[in-house]
Amino acid sequence: MEPSRLPPGQYIPRGRPVIHYGRVPQFRPASWDFRVFGATASGEEHRFTWPEFEGLPRTSVLADFHCVTKFSIMGNEWRGVSPATIIQAAPPDPGVRHVMIWAEYGYSANLRMSDLTAPGTLFAMELEDKPLSPERGFPLRVVVPHLYAWKSVKWVRAVEYLLEDRRGFWEERGYHNVADPWREQRYSYQEQPGEGPP
Ligand SMILES: Nc1nc2c(c(=O)[nH]1)N[C@H]1C(S)=C(S)[C@@H](COP(=O)(O)O)O[C@H]1N2
Ligand SMILES: [Mo]
């Protein structure tokens with residue numbers, strides 16, 4: 001039998017919901033930047049302007065999308081910049097095991113370094129061959145298809161390399177630090193020792 005592509009407790013909705021906390025930010029290309037900061041190997045922050053970021057090589061990912069509110073959207077084609085490209089331009093200190101992804105208005109989500117470098121993870125600029133729409137994260141969002149979608153940060157502006165794990169926006173508000181949909185890691189009370197910051 002084929003293994004199911006739908007994680008436990010998920011369903012396929014009609015249409016494609018848009019979900020976020022707060023307002024859709026304006027994109028201002030002249031002041032937009034993408035920063036890599038925290039525990040970089042050099043100790044320096046690395047900053048991309050919009051023309052620099054837009055010029056980076058792109059790659060495609062075909063992936064499913066699982067929201068903790070239980071809907072899943074199957075087979076999305078994202079296109080954008082591989083995290084490997086960013087990590088190569090601004091390498092982390094060898095002790096870095098975790099990152100914080102930062103968006104406009106201070107939204108954030110933490111990831112293990114291994115989630116950032118996982119094959120499906122992408123800094124996406126396009127969905128289904130079109131630029132992201134404003135409400136889906138234009139001009140840039142993260143997609144982390146193997147984790148619940150609150151980790152797929154829209155309107156992303158920075159990556160912070162962490163020497164110790166720290167909770168992001170929803171992880172501080174009762175959601176699971178790891179967020180693997182196949183293990184139904186929805187809430188922080190389910191965390192096992194070692195799955196979250198002490
Ligand atoms: N910046 C930002 N990114 C965010 C959110 C948010 O509130 N702010 N919500 C997350 C949640 S909970 C989900 S389910 C997905 C929804 O993505 P979609 O609107 O493309 O369906 O975006 C995620 N990324
Ligand atoms: Mo969500």
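One-based numbering, in listed order, for ligands and for the atoms of each.
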Colleague: Using the salt bridge (Lys or Arg N to Asp or Glu O under 4.0 Å) definition, which of the options E160, E52, E45 pairs with R35?
Modeller: E45

Colleague: Could you check whether Y187 and Y189 have their ring centres less than 6.0 Å apart?
Modeller: yes

Colleague: Using the ring-ring contact (aromatic ring centres under 6.0 Å, His included) rule, take F138 and F27 through it: C-alpha gap first, then chi angles, then the decisive distance, then the call.
Modeller: CA-CA 7 Å; F138 180 78; F27 172 51; 5.2 Å; yes

Colleague: Identify the protein atoms, limited to N or O, that lie within less than 3.5 Å of an N or O atom of ligand 1, and list each pair with its distance to 0.1 Å.
Modeller:
from: ligand 1; atom 1: 1 (N); to: K154; atom 2: O; distance (Å): 2.9
from: ligand 1; atom 1: 3 (N); to: K154; atom 2: N; distance (Å): 2.9
from: ligand 1; atom 1: 7 (O); to: Y21; atom 2: N; distance (Å): 2.7
from: ligand 1; atom 1: 17 (O); to: R141; atom 2: NH2; distance (Å): 3.2
from: ligand 1; atom 1: 19 (O); to: I19; atom 2: N; distance (Å): 3.0
from: ligand 1; atom 1: 19 (O); to: K154; atom 2: NZ; distance (Å): 2.5
from: ligand 1; atom 1: 20 (O); to: R136; atom 2: NH1; distance (Å): 3.0
from: ligand 1; atom 1: 20 (O); to: R141; atom 2: NH1; distance (Å): 2.8
from: ligand 1; atom 1: 21 (O); to: P17; atom 2: O; distance (Å): 3.0
from: ligand 1; atom 1: 21 (O); to: R136; atom 2: NH1; distance (Å): 3.2
from: ligand 1; atom 1: 22 (O); to: R141; atom 2: NH2; distance (Å): 3.4
from: ligand 1; atom 1: 24 (N); to: S152; atom 2: O; distance (Å): 3.0

Colleague: Nearest 0.5 angstrom please: H66 NE2 to M74 CE, how far?
Modeller: 5.5 Å

Colleague: Apply side chain to side chain contact (heavy atoms under 4.5 Å, CB included) to H98 and N110, showing your working.
Modeller: CA-CA 7 Å; H98 300 272; N110 57 321; 5.8 Å; no

Colleague: Got a donor-acceptor contact below 3.5 angstrom from the W32 side chain to the R157 backbone?
Modeller: no

